[in-house]
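Report on one structure; see the data block that follows.
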Amino acid sequence: DPRWLVLHAGASPVRSALAIPLISEESELGVLTLTHSEPRRFSAELVPLVTAVAAQVSSALHNASLYTRLKAAEAAREYFVHMLTHDLRGPLSGIAGCLHVLGLSARNETEQQFLAMARRACAAQEELIDDILDVYRADSGLLALERTRFAPAALAAPVLDQLAGAAVERGIALTIDLPESPLIEADRNKLGRVLINLVSNAIKFTRRGGVTVHACVDVAADAVEFAVRDTGVGIPPEDLPRIFDRFFRSERPGGRRGTGLGLSFCREVVLAHGGRIWAESAPETGTTIRFTIPCEGVQNDQVARADRGR
């Protein structure tokens, strides 16, 4: 049998042997074989001990096999995600280019308005692709943050630029009231995408009333607490614990179903900043999603204290 270890030429002849099968979850992994140059060296009393050793070896081999398959699956997933996002970005670039050319020759305000709507749709698709990549990176521990110091109020403009038109189309009010202080140290782009995701969801599931975004200082946590509140259909109580799970989509009326990645992305970004995120809701009374981001310097102090504690 070629799977057996071939003894080198100078080895002593085998006069006795003890073989125990290596079995894990009803799969045969191999055989643990003990050999000796003298006859009758292995007694029946030795079998339980060698069997226990074989069980440990079987477990180690099984775990090694699982790890190898897991790494192969992760590599395949990484390749798939990057190929998927690359293939999705290609057509979007072409569409954006055509929209730009059409914008140069738009003849009236109505045409400009429709082109602006198409550009916003392209931008939303680009952000969805970024969400897919960032959720994958967070899974792999590769979600990088480009931290800068800025006021929470700086996050208002991107949200309004992208979603004010959607709110008008739905006939609901969009109000954003974010303070100029205290400063936070965060990834401005990713935090802006968190708010855009939350506000977009709120608009999608609100039939009347409005969506408000505000922030205040949580003195106890030394953090800024953001809140996105809507007057929409609400979330069923049984769904609340799961809304931040990847691919989970609550069966709520009044809006098209998404990919189930938006809130998962929000959670990963907030956790990466050292904050927390949660939801408060009841059917037909609206939903409020809150998250905290540490104030400027707080995370550096936390890291320094952790270093001193090692």
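Treat the numbers as computed from the prediction; the structure is a model and nothing was measured. Starting from 1, each residue takes its place in the sequence as its number. Atom set for the values below is all heavy atoms of this structure, side chains included, hydrogens, waters and symmetry mates excluded.
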Under 3.5 Å, side chain of S281 to main-chain N/O of G286, donor-acceptor pair present?
-> yes
Smallest heavy-atom separation, A153 atom then E180 atom, equals CB-OE2, 3.5 Å
| message | Using side-chain heavy atoms (C-beta onward) and a distance below 4.5 Å, is P294 in contact with D222? | response | no
Separation between CZ (R170) and CZ (R208), nearest 0.5 Å, reads 11.5 Å
**Asked** With no hydrogens and no angle check, is any side-chain donor or acceptor of T206 less than 3.5 Å from a backbone partner on I203?
**Response** no
Applied to residues 154-163, the side-chain hydrogen bond (donor to acceptor under 3.5 Å, both in side chains) test, sequence neighbours excluded, yields E127-Q162
- Query: Do T231 and I172 come close enough that some side-chain heavy atom pair is under 4.5 Å?
  - Reply: no
Output for pair (R119 CZ, E126 CD), nearest 0.5 Å, gives 14.5 Å
Original post:
Below 4.5 Å, heavy atoms only, C-beta onward: do S264 and D245 meet side chain to side chain?
Top reply: no
d(E268 CD, L263 CG) to nearest 0.5 Å is 12.0 Å
Under 3.5 Å, is there a donor-acceptor pair between the side chain of T33 and the main chain of A17? no
Applying side chain to side chain contact (heavy atoms under 4.5 Å, CB included) to E45 and not counting sequence neighbours gives S43
If you count heavy atoms of other groups shown closer than 6.0 angstrom to NE2 of H100, is the number above 12?
no
Contact between S16 and R40 at the side-chain level, heavy atoms closer than 4.5 Å - yes or no? no
Sorted by chain and number, sequence neighbours left out, side chain to side chain donor-acceptor pair (under 3.5 Å) with Q113 holds for none
Beyond-backbone contact of F226 with L198, side-chain heavy atoms, under 4.5 angstrom:
no
Residues passing the salt bridge (charged side-chain N to carboxylate O under 4.0 Å, His left out) test with R41, sequence neighbours excluded, are E38
Verify, without hydrogens or angle tests, whether D230 (side chain) and T287 (backbone) share a donor-acceptor contact under 3.5 angstrom. yes
So CD of E185 and CD1 of I293: to nearest 0.5 Å the spacing works out to 12.0 Å
Donor-acceptor pair, side chain of N197 and main chain of R193, under 3.5 angstrom
yes
Using a 4.5 Å side-chain heavy-atom cut-off and chaining through intermediate ILVMFWY residues, the residues clustered with M117 come out as F114
| Hey, is E225 close enough to R290 for a salt bridge, meaning N to O under 4.0 Å? | yes
Heavy-atom nearest pair, A156 first then I176, reads CB-CG2, 3.7 Å
Has E28 got more than 12 heavy atoms of other residues, nucleotides or ligands less than 6.0 Å from its CD? no
Note: with side-chain heavy atoms under 4.5 Å as the link, the other cluster members for W278 come out as none
The side chain to side chain contact (heavy atoms under 4.5 Å, CB included) partners of P179 (sequence neighbours excluded) come to P152, A215
- So do T288 and V228 actually touch side chain to side chain, heavy atoms under 4.5 Å? no
Students should find that the hydrophobic cluster of I20, defined by side-chain heavy atoms under 4.5 Å apart, otherwise consists of L18, L22, L29, L32, L34, F42, L46, V47, L49, V50, V53, V57, L61
Contacts of E111 meeting side chain to side chain contact (heavy atoms under 4.5 Å, CB included) (sequence neighbours excluded), chain-then-number -> A106, R107, N108
Contacts of T148 meeting side chain to side chain contact (heavy atoms under 4.5 Å, CB included) (sequence neighbours excluded), chain-then-number -> F150, R188
Report task. Examine the side chains of S24 and S58 and answer whether a donor and an acceptor come within less than 3.5 Å of each other. Result -> no
Value for CG (L174) from OG1 (T212), rounded to nearest 0.5 Å, stands at 9.0 Å
- Would you confirm whether K190, through its side chain, and A144, through its main-chain N or O, come within 3.5 Å as a donor-acceptor pair? yes
* Close side-chain approach of V224 and C295, heavy atoms under 4.5 Å -> yes
By salt bridge (charged side-chain N to carboxylate O under 4.0 Å, His left out), R229 pairs with (sequence neighbours left out) none
Tracing side-chain contacts under 4.5 Å among Ile, Leu, Val, Met, Phe, Trp and Tyr outward from I95 reaches L99, L102, L115
OG1 of T175 to NE2 of H214, rounded to nearest 0.5 Å, is 12.0 Å
